[in-house]
Amino acid sequence: MHLDLALPDGRSVHLRLSDAALTASYGPDLVYTLDRGGRLVGAFRDGRNLRRGLDGRVLARWRHGRGPRQRSWLEPWEAGDLMIALRRDLGLVAAQSLPAPLAAAVQAGLAFDEATDVEEYHRVYSPVAILPPDQYQALVLQATEGCSFNTCTFCALYRGQPFRVKDPDEFALHIEDVRDFFGDGISFRRSIFLADANALIVPQERLLPLFSTLATAFALMPENMPQAKQRAWLETHPDGVSGIYAFVDGLSAERKSVDDFHALRLRGLRRVYIGLESGHEPLLAWLRKPSTAAAMLDAVQRLKAAGLHVGVIVLTGIGGQRFHEGHCRDTAAILNAMALGPGDIIYYSPFESDPEAPYAVLASAEGIEPATPAFAGMQETAIRRGLTLPPPLAGPKQVPYNLRDFVY
Ligand code: SF4
């Protein structure tokens, strides 16, 4: 549904209402997007793209001309100012005569209580530390919390957080809590991400009941539905999701057979994301990654034999000159060996040292240069040059994965 309105302050607004969101455009320089629960999820304002997380923080991204993309978190007062402006601008719309569905969506935006929502988010979720970029709008369901390894020297995502697996009753309760939390806004979330870092480590006999719980709680889109029909299917299934997605690591994957993965696929698993980081065994060992490149290649091959898609994450700019040649050569070689195809994704993630992780101290002690964006970019180019992938439509997508873009 679309509607154009002239406002009393001289501006005009274009409203667009879909089953997932209300978008209000006050000209090309000011746009708000709200989920159907009235929660602000994104905006364009002052030349910057803004993405609001469920914790109330707002990430701004912008670019000057052809320069590099800039990012920063809004100060709390700036985020507050955004919410005040949204209320003022929605209020002008609410005073107009609107068709009932639009009036209801605008009223939901005006009634949205941010403080209560953020508090409820922190009650329902333990910190959602990271997702693959194509899952930032997923419905996150935490079957596990934390990372079962926490050994990698470059990663501080789950440091200090004990790993635990929810039992089926607790998980069912978590699903109910998440549903209540999102309310009508759940229609903005059209896939399920089974979190946290390696939910597929759960033994198969405990994992299958978790997947069954999901299958009864949500309508799962039939596998391989043509793109052209997916939108209509989602419109007719308000609680429908395109599938279930999750991270896996090489060690956890070793404990699952092709048949195990196939059984999960039959229950809705669609794509599995693996942090390869590098194909160079000495670099992985130095980074204290819990599995080897060979184990991760084997994992990908078993996932693909089960008919699942994979997302393979490569770190660029890590390990300095000492590992540079081996990292680029062996990473390209292992990606070539994975026989990736349509539906698979290679992510290039430029490494930035996290002060909470031991990497920087260890690297400095061994004379390894600090990571820079230029070095990461050069490594990505070198790895891509070594690839022998099928032509674009028959091969995997290759996309950037900048951790600083993550907002949930
Ligand atoms: S990189 Fe993955 S496996 Fe390693 S500590 Fe971080 S979350 Fe755990």
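Predicted model only: the values in this text are computed from it and were never measured.
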Checklist entry - Quick one: are P68 and R63 in side-chain contact, heavy atoms under 4.5 Å? => result no
Item to check | Heavy-atom pair with the smallest gap, counting every atom of A94 and L110 | outcome: CB-CD1, 3.6 Å
Next on the checklist: When you compare the side chain of I345 with that of V399, does any pair of heavy atoms fall below 4.5 Å?
Outcome noted: yes
Checklist entry - Backbone N or O of V248 within a donor-acceptor pair of the S252 side chain at under 3.5 Å? => result no
Checklist entry - Which pair of heavy atoms, one from T292 and one from E281, lies closest together, and at what distance? => result CB-OE1, 3.3 Å
Item to check | Shortest non-hydrogen contact from L210 toward P168 | outcome: CD2-CA, 4.2 Å
Item to check | Polar side-chain atom of Q379 near backbone of G317 as donor-acceptor pair, under 3.5 Å | outcome: yes
Item to check | Ion pair R61/D405, N-O distance below 4.0 Å | outcome: yes
Item to check | Lys/Arg N to Asp/Glu carboxylate O, R164 vs E145, below 4.0 Å | outcome: yes
Checklist entry - Is the shortest heavy-atom distance from the side chain of P396 to the side chain of L389 under 4.5 Å? => result yes
Next on the checklist: Whether the side chain of Q161 engages the backbone of C147 through a donor-acceptor N/O pair (distance < 3.5 Å, no angle test) should be reported.
Outcome noted: no
Next on the checklist: Please evaluate residues I130 and D196 with respect to the criterion side chain to side chain contact (heavy atoms under 4.5 Å, CB included), reporting the C-alpha separation (whole Å), side-chain torsions for both, the decisive distance (0.1 Å), and the verdict.
Outcome noted: CA-CA 8 Å; I130 194 66; D196 279 331; over 6 Å; no
Next on the checklist: Go through it in stages, so that I can follow the logic: the residues are D19 and R190, the test is salt bridge (Lys or Arg N to Asp or Glu O under 4.0 Å), and I'd like the CA-CA distance, side-chain angles, deciding distance and then a yes or no.
Outcome noted: CA-CA 11 Å; D19 58 318; R190 299 323 286 263; 3.2 Å; yes
Checklist entry - Measuring from Q96:CD to L102:CG, what's the distance to the nearest 0.5 Å? => result 12.0 Å
Checklist outcome for this item: Here the pair of heavy atoms bringing Y408 nearest to A138 is OH-O, 3.0 Å
Item to check | Test item: R271 side-chain N/O and G343 main-chain N/O as donor-acceptor pair under 3.5 Å | outcome: yes
Checklist entry - Side chains of L403 and S349: does their closest heavy-atom pair fall under 4.5 Å? => result yes
Checklist entry - Quick one: does N336's side chain have a donor or acceptor within less than 3.5 Å of a partner on A332's backbone? => result yes
Item to check | F112 side, atom CZ; Q107 side, atom CD - distance, nearest 0.5 Å | outcome: 15.0 Å
Item to check | Sub-4.5 Å side-chain heavy-atom contact between L283 and D330 | outcome: no
Checklist entry - In terms of side-chain geometry, is the basic nitrogen of R302 or D260 positioned less than 4.0 Å from the acidic oxygen of its partner? => result no
Checklist entry - Do V41 and Y32 pass the side chain to side chain contact (heavy atoms under 4.5 Å, CB included) test, and can you show the C-alpha distance, the side-chain angles, and the key distance before you say yes or no? => result CA-CA 8 Å; V41 290; Y32 302 105; over 6 Å; no
Checklist entry - Any side-chain heavy atom of W62 within less than 4.5 Å of one from S72? => result yes
Next on the checklist: Tell me whether D239 is salt-bridged to R189, with the criterion being a basic N under 4.0 Å from an acidic carboxylate O.
Outcome noted: no
Next on the checklist: Run K397 and D344 through salt bridge (Lys or Arg N to Asp or Glu O under 4.0 Å) and show every step you take.
Outcome noted: CA-CA 6 Å; K397 276 194 209 163; D344 299 326; over 6 Å; no
Item to check | Between N402 and Y348, a side-chain donor and acceptor under 3.5 Å | outcome: no
Checklist entry - How far does CZ of F188 sit from CG of L139, to the nearest 0.5 angstrom? => result 12.5 Å
Checklist outcome for this item: Nearest heavy-atom approach of R267 to S212 is NE-OG, 4.3 Å
Next on the checklist: Whether the side chain of R255 engages the backbone of I201 through a donor-acceptor N/O pair (distance < 3.5 Å, no angle test) should be reported.
Outcome noted: no
Checklist entry - Under 6.0 Å from the CZ atom of R48, do we count more than 12 heavy atoms belonging to anything else shown? => result yes
Checklist entry - Under the side chain to side chain contact (heavy atoms under 4.5 Å, CB included) criterion, do Q142 and E170 qualify, and how do the steps go? => result CA-CA 10 Å; Q142 292 172 313; E170 189 185 6; over 6 Å; no
Next on the checklist: Using 0.5 Å steps for rounding, measure from the OG atom of S242 to the CG atom of L234.
Outcome noted: 7.0 Å
Item to check | With R39, the salt bridge (charged side-chain N to carboxylate O under 4.0 Å, His left out) member among D55, D184, D117, D113 | outcome: D117
Checklist entry - Is any NZ, NE, NH1 or NH2 atom of the basic residue among R123 and D177 found under 4.0 Å from an Asp or Glu carboxylate oxygen of the other? => result yes
Item to check | Check: D35 side chain, G37 main-chain N or O, donor-acceptor pair, under 3.5 Å | outcome: yes
Checklist entry - How long is the span from the OH atom in Y26 to the CG atom in L92, to the nearest 0.5 Å? => result 6.5 Å
Checklist entry - Between the main-chain N or O of G275 and the side-chain N or O of K289, is there a donor-acceptor pair closer than 3.5 Å? => result yes
Next on the checklist: Closer than 3.5 angstrom, by distance alone: can the side chain of R57 be matched with the main-chain N or O of L74 as a donor-acceptor pair?
Outcome noted: no
Checklist entry - Does any donor atom in the side chain of S191 or Q135 lie under 3.5 Å from an acceptor atom in the other side chain? => result yes
Checklist entry - Any ion pair linking R322 and E366 (charged N to carboxylate O, less than 4.0 Å)? => result yes
Item to check | Full working for side chain to side chain contact (heavy atoms under 4.5 Å, CB included) between L284 and E277 | outcome: CA-CA 8 Å; L284 292 176; E277 329 301 3; 4.2 Å; yes
Next on the checklist: Both conditions, 6.0 Å and 45 degrees, for the charged tip of R179 above the ring of F218: are they met here?
Outcome noted: yes
Item to check | Over all atoms of both residues, closest heavy-atom pair of Q398 and L387 | outcome: OE1-CD1, 3.4 Å
Item to check | F406, F193, Y401 screened by ring pair (Phe, Tyr, Trp, His ring centres under 6.0 Å) with Y136, the one that passes | outcome: F406
Next on the checklist: Apply salt bridge (Lys or Arg N to Asp or Glu O under 4.0 Å) to residues R45 and E78 and explain how you reach the verdict.
Outcome noted: CA-CA 12 Å; R45 190 177 182 228; E78 289 178 288; over 6 Å; no
Next on the checklist: Measuring only between side-chain heavy atoms, which start at C-beta, is L200 closer than 4.5 Å to L207?
Outcome noted: yes
Checklist entry - Below 4.0 angstrom, N of the basic side chain to O of the carboxylate: do R265 and D259 qualify? => result no
Checklist entry - Under 4.5 Å between any side-chain heavy atoms of F163 and N198, yes or no? => result yes
Checklist entry - Would D249 and S291 count as a side-chain hydrogen bond (donor to acceptor under 3.5 Å, both in side chains) if you check the C-alpha gap in whole Å, the side-chain angles of each, and the deciding distance to 0.1 Å? => result CA-CA 7 Å; D249 61 86; S291 51; 5.2 Å; no
Checklist entry - Within the side chain of T236, is there an N or O that forms a donor-acceptor pair under 3.5 Å with the backbone of W233? => result yes
Checklist entry - Looking at F375 versus F351, is the centre-to-centre ring distance below 6.0 Å? => result no
Item to check | Residue pair R385, E380: steps toward the salt bridge (Lys or Arg N to Asp or Glu O under 4.0 Å) verdict | outcome: CA-CA 9 Å; R385 242 188 244 126; E380 179 179 333; over 6 Å; no
Item to check | is_close_aromatic(F154, Y359), centroid dist under 6.0 Å | outcome: no
Next on the checklist: Under 6.0 Å between ring centres: does that hold for H174 and Y125?
Outcome noted: yes
Item to check | CG-CG distance between L3 and L17, expressed to the nearest 0.5 angstrom | outcome: 10.5 Å
